[in-house]
Peer 1: 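Below is the structure I would like to discuss, written out as structure tokens.
Letters A, B, ... are given to chains in the order of the sequence lines, protein chains preceding strands, and every chain is numbered from 1.
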Protein chains: 2
Amino acid sequence: MTASDPEAAAAPPSPKAEQVLQAASRVFREQGYGSASMDAIARAAGVSKATLYAHFAGKDQLFAAIVSGECRRHSQALTAPDIDRLEVRQALAAIGRNFLDLVLSAKARAIYRIVIAEAPRFPELGRAFYASGPAAVLARLADYLGAADARGTLRVEDPKLAAEQFVAMLMGPLHMRHLLGLTAEFGDRDPAQVVEAAVATFLSAYAPSDPA
Amino acid sequence: MTASDPEAAAAPPSPKAEQVLQAASRVFREQGYGSASMDAIARAAGVSKATLYAHFAGKDQLFAAIVSGECRRHSQALTAPDIDRLEVRQALAAIGRNFLDLVLSAKARAIYRIVIAEAPRFPELGRAFYASGPAAVLARLADYLGAADARGTLRVEDPKLAAEQFVAMLMGPLHMRHLLGLTAEFGDRDPAQVVEAAVATFLSAYAPSDPA
DNA sequence: GTCTATAAAGGGATAGAC
DNA sequence: GTCTATCCCTTTATAGAC
């Protein structure tokens with residue numbers, strides 16, 4: 001019955017497993033990998049430790065399952081709709097708002113924290129996270145910029161680099177401060193203002209010649 | 001004798017304490033806060049655990065002492081020299097190179113990882129890190145941009161925001177990938193190229209009118 | 001102050017009953 | 001599959017000798 005589904009693909013069949021995954025995700029996000037104990041996870045999930053080990057070979061594999069699951073879910077959430085039907089400025093603003101909302105969300109921040117922290121000890125995890133998250137976003141944005149260049153609505157020599165600059169200007173003013181828990185202090189900015197400024201600077205550099 | 005020096009200010013007087021701090025820094029950076037044990041730190045420092053507890057009240061205070069020490073050291077390393085005697089383009093490029101070299105260094109990455117990871121459980125640490133590191137750099141850069149605007153060599157309405165955009169474009173294409181340990185894959189870039197591109201995009205947006 | 005030795009608690013992982 | 005109870009090890013932290 002379960003031969004074709006080695007539990008690594010999509011949805012875990014057992015409701016107990018899902019229960020464990022959700023609780024473990026919360027505990028890992030709250031305590032970090034090193035400090036989170038299997039005991040605490042079992043307690044949070046309302047199951048015994050033996051049940052944990054019946055579904056996952058160990059702490060490391062449980063952790064890997066959670067991170068890859070969260071990455072999958074988040075990258076799905078970033079399927080931008082109809083940016084091709086918008087003006088370049090509006091399209092970039094829409095992409096920027098969606099992206100910024102995602103990366104500043106509490107869950108995304110917690111996942112990012114823990115993946116960054118454990119990347120040296122879980123190298124494959126770092127790769128999987130980057131590939132399913134940032135790399136996918138950058139690739140899609142670069143495609144859009146390349147197409148805009150072909151249409152003449154932008155002039156972008158290196159779409160990949162331009163995409164990275166745009167994303168960087170979106171995240172830069174807010175991401176680190178939010179990661180550090182500094183939202184009010186150090187003059188926190190309105191995300192809408194950050195998006196607008198990023199679009200403005202980007203277009204100053206990459207608009208064809210004179211869009212007026 | 002030690003009344004005026006509550007050990008929180010500058011240099012630890014005891015050589016043993018310095019020995020402990022260096023070893024603990026390495027262990028924390030290699031293993032993360034949660035997984036690092038006082039036992040391992042004592043072993044790495046070549047002292048007994050009792051000596052650890054003679055100098056530091058506990059794991060958390062030892063950790064805090066290390067992070068604040070590293071922040072102090074790194075922010076001192078960023079005293080940019082004579083940028084006022086350079087052309088704007090060259091000054092920005094010099095700032096960019098220095099900054100990128102620092103934030104991409106192995107030690108800075110390790111510190112950043114652990115501060116980000118533990119910020120929710122050590123809020124004061126996050127504040128101290130940001131204030132002594134990124135905020136100081138941004139403030140100095142914003143000052144420079146504001147002065148350039150006053151001289152007419154740039155046109156920058158919001159120097160703080162422009163500084164954040166510039167720094168973001170420097171870090172964006174490289175920082176996250178390096179944090180995740182992905183240097184070769186996903187098309188790693190030459191830092192020099194990143195600096196050049198960031199300066200170019202920045203000047204496209206903030207050059208006065210026509211510098212030619 | 002520094003060590004050896006140990007206390008007291010909590011960690012990951014498992015055996016065996018159901 | 002799931003639970004209770006437990007093994008065995010490591011953890012943080014301390015007592016007592018020097």
Peer 1: Output yes when at least one side-chain N/O atom of A:Ser48 is less than 4.0 Å from OP1 or OP2 of D:dC3, else no.
Peer 2: yes
Peer 1: On DNA chain C, does the nearest nucleotide to A:Gly34 precede the nearest nucleotide to A:Ala50 from the 5' side, or the other way round? Give the residue.
Peer 2: A:Gly34
Peer 1: Could you check whether A:Arg29 and A:Ser25, counting side-chain N and O atoms only, form a donor-acceptor pair closer than 3.5 Å?
Peer 2: yes
Peer 1: With a non-hydrogen cut-off below 4.0 angstrom, is B:Ala36 in contact with a base, only sugar-phosphate, or nothing?
Peer 2: sugar-phosphate
Peer 1: Are OP1 or OP2 of D:dG1 and a side-chain N or O of A:Ser14 less than 4.0 angstrom apart?
Peer 2: no
Peer 1: Whether the side chain of B:Gln165 engages the backbone of B:Lys160 through a donor-acceptor N/O pair (distance < 3.5 Å, no angle test) should be reported.
Peer 2: no
Peer 1: Looking at D:dT12, does its base get a donor-acceptor pair with the side chain of B:Lys49 below 3.5 Å?
Peer 2: yes
Peer 1: Heavy atoms under 4.0 Å, any strand shown: does B:Ala57 hit a base, just sugar-phosphate, or nothing?
Peer 2: nothing
Peer 1: Using atom CZ of A:Phe28 as one end and atom P of C:dG11 as the other, report the distance to the nearest whole Å.
Peer 2: 13 Å
Peer 1: For A:Ser37 and C:dG11, is the shortest distance between a side-chain N/O and OP1 or OP2 below 4.0 Å?
Peer 2: yes
Peer 1: Using whole Å, report how far NE2 of A:His55 lies from P of C:dT14.
Peer 2: 15 Å
Peer 1: Is A:Tyr53 near enough to C:dT14 that one of its side-chain N or O atoms lies under 4.0 angstrom from OP1 or OP2?
Peer 2: no
Peer 1: If you check every side-chain atom of B:Lys16, which of D:dC3, C:dT2, D:dA13 has the closest atom?
Peer 2: C:dT2
Peer 1: Rounded to the nearest angstrom, tell me the gap between atom CZ in B:Arg43 and atom P in C:dC3.
Peer 2: 15 Å
Peer 1: For residues B:Tyr33 and B:Phe122, establish whether the separation of their ring centroids is below 6.0 Å.
Peer 2: yes
Peer 1: Rounded to whole Å, how long is the line connecting atom CD of A:Glu18 with atom P of D:dT2?
Peer 2: 13 Å
Peer 1: Quick one: A:Leu52 CG to D:dT4 P, roughly how many Å, whole number?
Peer 2: 14 Å
Peer 1: Under 3.5 Å, side chain of A:Thr201 to main-chain N/O of A:Ala197, donor-acceptor pair present?
Peer 2: yes
Peer 1: Just how far, in rounded Å, is C1' of D:dT12 from OH of B:Tyr33?
Peer 2: 10 Å
Peer 1: Taking atom C1' of D:dC3 as reference, at what distance in whole Å does atom CD of A:Gln19 sit?
Peer 2: 14 Å
Peer 1: Look at all strands and tell whether B:Asp39 reaches a base, only sugar-phosphate, or nothing, counting heavy atoms closer than 4.0 Å.
Peer 2: base
Peer 1: Take the protein atom CE of B:Met38 and the nucleotide atom P of C:dG11, then report the distance between them rounded to whole Å.
Peer 2: 17 Å
Peer 1: With a 3.5 Å distance limit and no angle check, can you tell me whether B:Arg113 reaches the backbone of A:Ile116 through a side-chain donor-acceptor pair?
Peer 2: yes
